J.: 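Have a look at this one before I ask anything.
By convention in this document, chain letters (A, B, ...) are assigned in the order of the sequence lines, proteins followed by strands, and residues within each chain are numbered from 1. All values reported here derive from a predicted model rather than from experimental measurement.
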Amino acid sequence: MNITLPDGSIRKMENGSTGLDLANDIGPGLAKAAIAVSVNNIQRDLSDPINEDSEVSIITIDSDEGLEIMRHTLTAQVLARAVKNLYPNTKLAIGPTIKDGFYYDFEFVKPIAPDDLDKIEKEMQKIVNSKSSITKKLQTKKEALKAFNSAGESYKESIIEESEQEEDFQLYYQDDDAFVDLCRGPHLPSLKHIGAFKLTKLAGAYWKGDSKNKMLTRIYGTAWKNEKDLNAYLHSIEEAEKRDHRKIGKEMNLFHFQEEAPGMVFWHPNGWTVYRLLQDFMRDKLQAFDYQEINTPLVVDRKLWEASGHWDKYRENMFITEIDEEHANEKRTNALKPMNCPCHVQVYNQGLKSYRDLPVRYAEFGSCHRYEASGTMHGLMRVRGFTQDDGHIFCTEEQIETETKLFIELLSSTYKDLGFEKFDIKLSTRPETRVGSDEVWDKAESALESAIKKLDLPYEIEEGDGAFYGPKLDFVLTDAIGREWQCGTFQADFNLPDRLDAEYVGEDGQKHRPVMIHRAVLGSFERFIGVLIENYSGKLPFWLAPVQVAVATIISDVNDYASDVINQLENHGIRCHEDFRNEKISYKVREHSAAKVPVIMALGKREKESQTVSIRRIGSDKTTSMSLEDAVKALTVENSVPN
RNA sequence: GCUCAUAUAGCUCAGCGGUAGAGCACUUGCUUGGUAAGUAAGAGGUCACCGGUUCAAGUCCGGUUAUGAGCUCCA
């Protein structure tokens, strides 16, 4: 048979030759490094026979594929075995690879503690040191079931049970046959190819990811081809932890949370300054794109939520309020709004709208409350009380495309101004259960798609992932260390205008339903500020920094000059912090640097005499001197809000 | 919501049955010092909350609340 290699060359091999035979044929070095083989783009074990003309490449640990196979073997053959050695009655569930590592789900008889990971890790190392080779046996469904049944591995049994195949279940063994695992493969031919690894955490996870099922114990780990890569990875994790907005929020005195209001932010002066600046910035953007800002009630009678459908579908996430019976004349049940859309329809419905009025674009910095499950909250990123940069566009079906295009322009200009150059677009199309005719869906989906195309932007399609009421676009931005955050959204809605009876008079003099588009650029201010903090490690751009200039005196004789400097800066709208304390300048510099103040002005005798300032920028240890006048001018320019 | 862990001074943490500790921050004194920690002293705590075991409970055991890591959820 003919084997085509990645470089295009063709090698003649005997039918039934294995990947290992091929590697040997190419060279002994490759044979030694080979860990698996890719046959017509399907990964196979090195020992699998190849029976027909194929395109084949040898996988080594140096490739991403190879690394993944190594991680897979590490979890399925080494971690699973180590756990079985130490805790013999543990049941094995599943153990896949994930980004940078792997996990394995177990059902332990007695729960284990994080400290036990050390012990397991040592046992794993012992197994790896055996350098066992790994062999595979193929069994029928019946044989496989029997094997795992007698071993008491009920999860494996159920995996086999539910499988549609009858033959060729792959069972992998190490040299001593003492451990066997069912696996899709491929695996390393030998444990000697295992690189550097570390178990990282312990957590619960539902069997098959279903919260109705039993909670298993999941052990996470990371693995790399050598010690150096492992350390680099661990280091990058540490670096990401340093950016944690909860930690930086504390250091910069931006906000706090407390027990009496879980998931609700207490904004401190510094944090609220950032919040206000971002909101003002957003307000200008919206105005430039012809939105009209409105404001609607926080507390609204359940009748409206019943009409909108939220009472049925969303009630468990709503804060419901009742009025103290003793003092109320009438009992009514209200809810804190979890979304702004029904209220926006109320505003739209005031007065008759003509097709000439469309599109109507309402914006609201809408304060919403959602009762999020307790385990889901996470700093500013997931809260119960938040404010959306929300907006709703009422338009005709024909206008969807233009509105999509305009929105993407608004969004990309906003992200760019805030320092995010890269974002991805995801188009989610019709789900199985939905409202609206196929014809309308066709129109809306193609309107969204063609708008993106006209802007020449890349996008991905998420088939069937749309909301029941319409297709949507999600916008995912990438931060400074490559993490992705879904912030913006643009959702067509054929449902709510109908439920809440929104209409306009068309050219034909008849009443029609407008399409409603829900859209947000930042998502919520709370979360977006979290993203900004993590993106910038707290070192916000000058215009967004809560304190922009720390004016620190070197000797108390220059306090009067320093006050003058502060006055001039503040008169130009620059936010200053006065530091006249009886401390050394290095002490002050250290403190303001830690607080991530973008500019530190150190003022001493020299500056006072020459009417200059000495400027030190965050992240640099250089100082530059310039006249006070020039400094005020330069900082004023730098302080202008991007647009 | 589920699993596991955590809760001690403003912050970061130590203490793990017998009078509550450290570093930083804070206050005061001395020091006026040129770009990431001058110096000495002082003050600061219902050890999250409720209950139990014990002669004795931050410390052991239950429960509650919050937080953290995952899981589930995010019409």
J.: I need the CZ-P distance between A:Arg370 and B:C74, as an integer number of Å.
T.: 12 Å
J.: May I have the distance from A:Gln258 (atom CD) to B:C49 (atom P), rounded to whole angstrom?
T.: 15 Å
J.: Base, sugar-phosphate alone, or nothing: which one does A:Lys605 contact when heavy atoms must sit under 4.0 Å apart?
T.: base
J.: Please report, rounded to the nearest Å, how far the P atom of B:U32 is from the CG atom of A:Asn559.
T.: 15 Å
J.: Could you label the plane-to-plane angle of the A:Trp267 and A:Trp272 rings as parallel, tilted or perpendicular, counting under 30° as parallel and over 60° as perpendicular?
T.: tilted
J.: Considering only the C1' atoms, how many Å lie between B:U59 and B:A14, rounded to the nearest integer?
T.: 13 Å
J.: In whole angstrom, give me the gap between the P atoms of B:G38 and B:U32.
T.: 14 Å
J.: Ignoring hydrogens and angles, does a donor from either the side chain of A:Ser593 or the base of B:U35 sit under 3.5 Å from an acceptor on the other?
T.: no
J.: Reckon A:Gly309 touches a base, only the sugar-phosphate, or nothing at all at heavy-atom distances under 4.0 Å?
T.: nothing
J.: Between B:G34 and B:A20, how far apart are the C1' atoms? Round to whole Å, please.
T.: 43 Å
J.: Is there a donor and acceptor pair, one atom on the side chain of A:Thr217 and one on the base of B:U3, closer than 3.5 Å?
T.: no
J.: Confirm from the modelled atom types if A:Glu372 and B:G1 form a donor-acceptor pair under 3.5 Å, side chain to base only.
T.: no
J.: Quick check: on RNA chain B, is the nucleotide nearest A:Ile112 upstream (toward 5') of the one nearest A:Thr623, or the reverse? Name the residue that is more 5'.
T.: A:Ile112
J.: Given B:A69, B:A37, B:C2, which nucleotide is nearest the side-chain atoms of A:Met215?
T.: B:C2
J.: Can you confirm whether or not the ring centre of A:His518 sits under 6.0 Å from the ring centre of A:Tyr469?
T.: yes
J.: Tell me whether the side-chain N/O atoms of A:Arg616 come closer than 4.0 Å to OP1 or OP2 in B:A36.
T.: yes
J.: Quick check for you: among B:G1, B:U35, B:G34, whose closest atom lies nearest to any side-chain atom of A:Ile554?
T.: B:G34
J.: Kindly say whether the aromatic ring centers of A:Phe490 and A:Phe407 come within a distance under 6.0 Å.
T.: yes
J.: Across the strands shown, which category fits A:Arg246 at heavy-atom distances under 4.0 angstrom: base, sugar-phosphate, nothing?
T.: sugar-phosphate
J.: At 4.0 Å (heavy atoms only), tell me whether A:Tyr220 reaches a base, stays on the sugar-phosphate, or touches nothing.
T.: sugar-phosphate
J.: When we call it a touch if two heavy atoms are under 4.0 Å apart, what does A:Gly379 touch: a base, just sugar-phosphate, or nothing?
T.: sugar-phosphate
J.: Return the 5'-most residue of the pair A:Pro111, A:Ala203 with respect to RNA chain B, ranking by each residue's nearest nucleotide.
T.: A:Pro111
J.: So what's B:A9 paired with, Watson-Crick or G-U wobble, going by both distances under 3.5 Å?
T.: none
J.: Base, sugar-phosphate or nothing for A:Ser586? Non-hydrogen atoms, less than 4.0 Å.
T.: sugar-phosphate
J.: Quick one: label A:Thr553 by what it contacts on the DNA or RNA (base, sugar-phosphate, nothing), any heavy atom closer than 4.0 Å.
T.: nothing
J.: Is the shortest distance from a Lys or Arg side-chain nitrogen in A:Asp465 or A:Lys426 to a carboxylate oxygen in the other one below 4.0 Å?
T.: no
J.: Describe the nucleic acid contact of A:Arg581 in one word from base, sugar-phosphate, nothing, applying a heavy-atom distance below 4.0 Å.
T.: sugar-phosphate
J.: Nearest 0.5 Å, please: how far is NZ in A:Lys539 from CZ in A:Arg243?
T.: 8.5 Å
J.: Tell me whether B:G17 sits syn or anti, counting syn as a glycosidic angle within 90° of 0.
T.: anti
J.: From the options B:A36, B:A75, B:C11, select the nucleotide whose nearest atom is closest to the side chain of A:Lys250.
T.: B:C11
J.: Using whole Å, what does the distance between atom P of nucleotide B:U12 and atom CD of A:Glu251 come to?
T.: 9 Å
J.: Whether the A:Glu445 and A:Thr429 side chains hold a donor-acceptor pair (N or O, under 3.5 Å, no angle test) is what I'd like checked.
T.: no
J.: Tell me: NE2 of A:His518 to P of B:A75, nearest whole Å?
T.: 12 Å
J.: Considering only heavy atoms and no angle criterion, is a donor-acceptor pair shorter than 3.5 Å present between the side chain of A:His592 and the base of B:A36?
T.: no
J.: What nucleic acid atoms does A:Tyr206 come within less than 4.0 Å of, heavy atoms only: base, sugar-phosphate, or nothing?
T.: base
J.: So what does A:Ala467 touch, heavy atoms closer than 4.0 Å: a base, only the sugar-phosphate, or nothing?
T.: nothing
J.: Once you apply a heavy-atom cut-off of 4.0 Å, does A:Pro262 come out as touching a base, just sugar-phosphate, or nothing?
T.: sugar-phosphate
J.: Over how many whole Å does the gap from A:Arg527 atom CZ to B:C74 atom C1' extend?
T.: 11 Å
J.: CZ of A:Arg590 versus C1' of B:A37: gap in Å, rounded?
T.: 5 Å
J.: Would you say A:Phe257 and A:Arg246 make side-chain contact, with heavy atoms under 4.5 Å?
T.: no
J.: Where the side chain of A:Glu259 is defined as all heavy atoms beyond and including C-beta, which of B:A75, B:U35, B:U65 is the nearest nucleotide?
T.: B:U65
J.: At less than 4.0 Å, is any side-chain N or O atom of A:Tyr587 found next to OP1 or OP2 of B:U39? Yes or no.
T.: no
J.: With no hydrogens and no angle check, just 3.5 Å: does a side-chain donor-acceptor pair link A:Asn270 and A:Asn253?
T.: no
J.: Could you check whether A:Gln486 gets within reach of a base, just the sugar-phosphate, or nothing at all, counting any heavy atom under 4.0 Å?
T.: nothing
J.: Separation of A:His378 atom NE2 from B:G68 atom P, in whole Å?
T.: 7 Å
